Every structure is written in C-alpha cells, then in structure tokens.
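Okay, structure first, notes after.
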Amino acid sequence: MVRGLFITLEGGEGSGKSTQARRLHATLEALGHEVTVTREPGGSPGAEAIRTLLVTGDVDRWDGMTEALLLFAARRDHVERTIKPALDSGHIVVCDRFIDSTMAYQGYGHDLGRETVEQLSGMVLGEFKPDLTLILDLPVEDGLKRAVSRGGDEQRYEDMDVAFHHRLRDGFLDIAKREPARCRVIDSSGSEEDVAVRLKAAVLPVLGSTHG
Ligand code: TMP
C-alpha cells in the first residue's frame, strides 16, 4: 500500500495555522486526495486529555522538562492511534503543530535545549518525521495581537512574556535553516487568502513528486 504524506503546520501564537489547516484540507480534497486533519497537543482521546493539562492554568504550572514529557506522551498516543493508521491507509495527514513546536517552545523558548528535545524525540518517535513542514512566520507583536483578539480559555502560552515569543520565533527560523529539505518558511502576513496561495504553492511540488 502507498504510504500517505505527512504535512505539518508550525508557527507562533496567532500565526494562522488552524485556519490554514482547514483551507489546505479543502484544497487537497478538491484535488482528489483523502485527507486527515489533526492537531497537537491532541489528536487522539488520550492526547486531548493531556492537552487540557498543558494549555490551561498558571503560566508556571510546569517547567520546560515536564511540559516536554507531557507533550511527548501525548504525541506518542497521537502518532500510534491517529497519524500512522491514516498514513497507512494512504491519507495525506495535515497536522496543526508537531515536533518542531516542542523544539521551538520547550527547546528554545524554555531553554531546554536542542539536544534534550532530540533525545526525547529519538526515544519516543524513532526516525518518524514529517515529510513537509510549513512554518508560518509573522512578527511576534502581530501574532500576539491576533491571538489576543481571538480570546478563549487556552491562554497559558499567550500569557508568557514577549522575550519568550521572540525566542520561539527565532527557534522556528533556526529549525528551517537546519532542515531546508523538509521545512519551508511561509510569510503569514496579509489576508487569509494570500497566505493560502503561498501555502498551496509550497505543497503542490511535493505532492507532484511523492503522491501523484
Ligand atoms: P495551539 O494554540 O496551536 O492549539 O497550541 C496550543 C499551545 O501548545 C500553543 O500555545 C503552543 C503549545 N505547544 C508547545 O508548547 N509545545 C508543543 O510541542 C506543542 C505541540 C504545542
């Protein structure tokens, strides 16, 4: 059986990933592909329960290592129960956040360091990685403005100081520089439509080469 394609969307707060994940879903389905859209933290019942622990409560509820362990526990469940079965049945999986969020938020943002995140990833996921990662990039202040206007209960990360958000934007850009074959940085400024066009332009060549 042809294995599907694993695409992840990444970026800081208010970068527009969730909206773009929905739009990409529609675009890929219109092209005739079967698509599973999912998210992290979450994407399986066990991982969604862990999500609540991560995104609510006091800013200093967990330290960086504890967060990383919770995230990898959730990710393990999500990969085994949702992502791999969908890929095995030939679906394109579009995931709103994945391992690069842990590298950016915990590794760079909380100063856990690249090596620790890489070690955990090796232990929990082995060689499993996205085929394509789209990093939605936006100036920190613009992203936070968008995120605050969105409101909601899941504010714990939005409430972290601005220096944290700068570390994680720089982290995402550094990840992209280190893995240019897998990662594309997408300018997330402008209208939803503008960003959707940029994303589609990044995805189509990869579809053509691997997924017909
Ligand atoms: P979301 O707002 O994109 O749904 O993500 C929820 C929060 O979880 C977001 O503020 C970033 C954070 N997060 C991490 O800190 N590390 C991770 O590995 C993931 C997947 C999310």
Side-chain angles (χ1 to χ4, degrees), residues 6-24 37-44 46-79 82-83 93-114 116-125 128-130 133-138 140 143-172 175 183 186 188 195:
F6 183 28
I7 301 175
T8 55
L9 294 181
E10 297 280 7
E13 303 301 311
S15 59
K17 294 171 294 77
S18 310
T19 307
Q20 293 300 332
R22 281 195 297 275
R23 293 186 72 125
L24 188 57
V37 178
T38 185
R39 69 166 182 181
E40 289 207 344
S44 64
E48 289 289 335
I50 297 174
R51 177 187 178 97
T52 307
L53 296 173
L54 283 160
V55 299
T56 60
D58 292 342
V59 164
D60 57 1
R61 183 177 189 184
W62 314 110
D63 69 9
M65 178 57 111
T66 312
E67 273 186 20
L69 292 169
L70 286 167
L71 284 157
F72 273 109
R75 183 162 298 133
R76 167 89 192 173
D77 195 63
H78 182 212
V79 166
T82 304
I83 297 177
V93 174
V94 175
C95 188
D96 181 349
R97 295 197 185 282
F98 195 65
I99 178 72
D100 300 302
S101 280
T102 311
M103 186 59 89
Y105 279 75
Q106 284 67 43
Y108 292 76
H110 285 311
D111 289 326
L112 195 58
R114 288 190 57 85
T116 304
V117 178
E118 275 166 2
Q119 282 173 352
L120 288 169
S121 180
M123 239 185 295
V124 176
L125 301 180
F128 185 78
K129 276 220 163 180
T133 295
L134 304 159
I135 297 176
L136 272 60
D137 182 57
L138 197 64
V140 167
L144 286 176
K145 237 182 270 166
R146 276 196 204 169
V148 167
S149 68
R150 188 179 57 198
D153 302 333
E154 298 187 342
Q155 298 235 37
R156 192 171 153 257
Y157 289 90
E158 288 163 29
D159 290 345
M160 290 181 186
D161 61 34
V162 174
F164 174 85
H165 292 281
H166 280 284
R167 282 198 298 283
L168 72 91
R169 183 187 187 199
D170 293 346
F172 276 125
I175 291 166
C183 300
I186 309 288
S188 188
V195 181

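Both ligands and their constituent atoms are indexed starting at 1 by order of listing. Not measured: the values here are computed from a predicted model.
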Task: Interatomic distance, L9 atom CG to R23 atom CZ [nearest 0.5 angstrom] - done: 13.0 Å
- [ ] Mind jotting down which residue pairs meet the salt bridge (charged side-chain N to carboxylate O under 4.0 Å, His left out) criterion with at least one end in residues 53-66? Sequence neighbours excluded, please.
- [x] none
TODO: Only counting residues at least two apart or in another chain, list the ones meeting side-chain hydrogen bond (donor to acceptor under 3.5 Å, both in side chains) with T116.
DONE: none
TODO: Identify, chain by chain and in numerical order, each protein residue with a heavy atom under 4.0 Å from an atom of ligand 1.
DONE: E13, K17, E40, P41, R51, V55, L71, R75, R97, S101, T102, Y105, Q106, Y157
Task: Least distance between heavy atoms, A47 atom then G42 atom - done: CB-O, 3.4 Å
Open item on the list: Is the ring pair Y105/F172 parallel, tilted or perpendicular, if the boundaries are 30 and 60 degrees?
Closed with: perpendicular
- [ ] Go through the structure and list residues passing side-chain hydrogen bond (donor to acceptor under 3.5 Å, both in side chains) with T38, not counting sequence neighbours.
- [x] H78
